[in-house]
S.K.: 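Shown below is the structure under consideration.
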Amino acid sequence: MKIDDIAVARQLVLAGRCLLSGSGTIPMIARAGAAGPLEAVRMGPCVFQLESLDSGNAMPKKILTVDDSASIRQMVSFTLKSAGYDVAEAVDGNAGLSKAQGTQFDLVLTDQNMPGMDGLTLIRSLRKQPSYNATPILMLTTESSDQMKALGRAAGASGWLVKPFDPQKLLDVVKRLVG
């Protein structure tokens, strides 16, 4: 199958998805892990990738990380962004709640001990909103007592990870929860 649709090519140019140099048309291609075949088209000096044609290519999952430690936010963001997730950051529970009310996230990661609003209060506040009823919310905290974990479950936490965290374990848990 060959692509030579100038309207589609123009959309790809606007999206800025240059894959490689060349001209003319190229045959259908597939990407590892894609739900279905992808196609690409050459236009001018670039090859542009079309999203999956049979099932539509899913947008990256949006994750909110809430932590008062800038270094933890940076490490979490770097780990998740490197795996293809779209990550937003908030410095405390109040800022996290504000961001969550403005954008629907697929997963929320929160610390417990933060100034302003702590993680458990953030979880309870999010769970009161219908749009976050079933959204996975993970605690990523130094707290590791069984009592604190029970409080987290009661508040609506979906899981618990203890700092310092293993980046691969974080990715494994996130992938299990949101893909």
Side-chain angles (χ1 to χ4, degrees), residues 11 14-17 31-36 38 49 51-52 55-179:
Q11 290 174 355
L14 293 175
R17 293 185 164 231
R31 180 183 64 192
L38 302 178
Q49 179 177 327
E51 301 303 333
S52 177
S55 62
N57 197 17
M59 296 293 291
K61 300 292 184 177
K62 289 189 239 176
I63 299 175
L64 174 62
T65 181
V66 184
D67 200 303
D68 58 326
S69 167
S71 62
I72 293 292
R73 284 193 317 272
Q74 289 170 353
M75 287 189 309
V76 169
S77 284
F78 177 79
T79 299
L80 295 172
K81 286 178 180 179
S82 295
Y85 295 101
D86 182 8
V87 181
E89 300 177 19
V91 299
D92 61 27
N94 289 319
L97 182 59
S98 178
K99 286 191 180 207
Q101 289 171 332
T103 302
Q104 180 63 44
F105 291 95
D106 299 299
L107 180 130
V108 177
L109 280 162
T110 183
D111 186 20
Q112 165 53 22
N113 300 310
M114 299 178 287
M117 182 188 295
D118 66 21
L120 293 176
T121 305
L122 172 61
I123 292 171
R124 285 187 206 101
S125 298
L126 289 172
R127 291 296 186 215
K128 288 178 184 175
Q129 299 178 33
S131 60
Y132 282 95
N133 232 1
T135 301
I137 303 175
L138 293 174
M139 292 292 291
L140 178 59
T141 182
T142 57
E143 299 284 345
S144 61
S145 73
D146 290 339
Q147 180 183 6
M148 187 57 79
K149 290 177 183 178
L151 290 171
R153 278 190 298 276
S158 308
W160 199 278
L161 294 169
V162 178
K163 296 179 202 171
F165 69 94
D166 172 10
Q168 188 57 55
K169 185 174 181 178
L170 174 63
L171 289 174
D172 292 344
V173 170
V174 168
K175 186 173 182 177
R176 240 182 296 137
L177 291 171
V178 298

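In what follows, every heavy atom counts, from backbone to side chain, and hydrogens, waters and symmetry copies are set aside.
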S.K.: Does Leu80 reach the side chain of Thr65, with side-chain heavy atoms less than 4.5 Å apart?
M.R.: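 No. Closest side-chain heavy atoms not under 4.5 Å.
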S.K.: Using side chain to side chain donor-acceptor pair (under 3.5 Å) as the criterion, list what pairs up with Ser98, not counting sequence neighbours.
M.R.: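 Partners of Ser98 under the side chain to side chain donor-acceptor pair (under 3.5 Å) test: none.
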S.K.: List for me each residue that meets side chain to side chain contact (heavy atoms under 4.5 Å, CB included) alongside Thr79, sequence neighbours excluded, and say none if there are none.
M.R.: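 Testing Thr79 for side chain to side chain contact (heavy atoms under 4.5 Å, CB included), a comparison that skips the adjacent residues, returns Phe165, Pro167, Leu170, Leu171.
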S.K.: How many angstroms lie between atom CD1 of Ile72 and atom OG1 of Thr142, to the nearest 0.5 angstrom?
M.R.: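 The CD1 atom of Ile72 sits 9.5 Å away from the OG1 atom of Thr142.
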S.K.: Got a sec, which residues hit side chain to side chain contact (heavy atoms under 4.5 Å, CB included) with Ser158, two or more places apart in sequence or on another chain?
M.R.: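 Partners of Ser158 under the side chain to side chain contact (heavy atoms under 4.5 Å, CB included) test: Arg127, Pro136.
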S.K.: Answer yes or no: is there a side-chain heavy-atom contact under 4.5 Å between Ile63 and Val174?
M.R.: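 A side-chain contact under 4.5 Å exists here.
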S.K.: Would you indicate whether the side-chain heavy atoms of Thr135 and Gln104 approach each other to under 4.5 Å?
M.R.: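 Yes, close enough: below the 4.5 Å cut-off.
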S.K.: Do Arg73 and Val76 have side-chain heavy atoms sitting under 4.5 Å apart?
M.R.: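 No; the side chains remain at least 4.5 Å from each other.
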S.K.: Would you check if the side chain of Tyr132 reaches a backbone N or O of Ala100 as a donor-acceptor pair within less than 3.5 Å?
M.R.: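 Pair found, side chain donor or acceptor close to backbone of Ala100.
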S.K.: When rounded to the nearest 0.5 angstrom, what is the spacing between OG in Ser125 and CG in Leu120?
M.R.: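 Atom-to-atom, Ser125:OG and Leu120:CG are 10.5 Å apart.
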S.K.: Quick check on Asn133: does its CG atom have over 12 non-hydrogen neighbours (other residues, nucleotides or ligands) under 6.0 Å away?
M.R.: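 Enclosed: over 12 neighbouring heavy atoms sit under 6.0 Å from CG of Asn133.
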S.K.: Hey, could you give me each pair passing side-chain hydrogen bond (donor to acceptor under 3.5 Å, both in side chains) that has a residue in residues 163-179? Not counting sequence neighbours.
M.R.: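 Sorted result for residues 163-179: Asp67-Lys163, Asp111-Lys163, Gln168-Asp172.
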S.K.: To the nearest 0.5 Å, tell me how far Met139 CE sits from Leu122 CG.
M.R.: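 The CG atom of Leu122 is 9.0 Å from CE of Met139, to the nearest 0.5 Å.
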S.K.: Out of Thr141, Ile123, Leu140, Asp92, which residue meets the side chain to side chain contact (heavy atoms under 4.5 Å, CB included) rule with Thr110?
M.R.: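 In the set Thr141, Ile123, Leu140, Asp92, the residue that makes a side chain to side chain contact (heavy atoms under 4.5 Å, CB included) with Thr110 is Ile123.
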S.K.: Is any side-chain heavy atom of Asp118 less than 4.5 Å from a side-chain heavy atom of Asn113?
M.R.: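 No, every pair of side-chain atoms sits at 4.5 Å or beyond.
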S.K.: How would you list all residue pairs meeting salt bridge (Lys or Arg N to Asp or Glu O under 4.0 Å) that involve residues 99-110, not counting sequence neighbours?
M.R.: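 Sorted pair list comes back empty.
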S.K.: Got a sec, which residues hit salt bridge (charged side-chain N to carboxylate O under 4.0 Å, His left out) with Glu143, two or more places apart in sequence or on another chain?
M.R.: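 Once residues adjacent in sequence are excluded, Glu143 has no partner under the salt bridge (charged side-chain N to carboxylate O under 4.0 Å, His left out) criterion.
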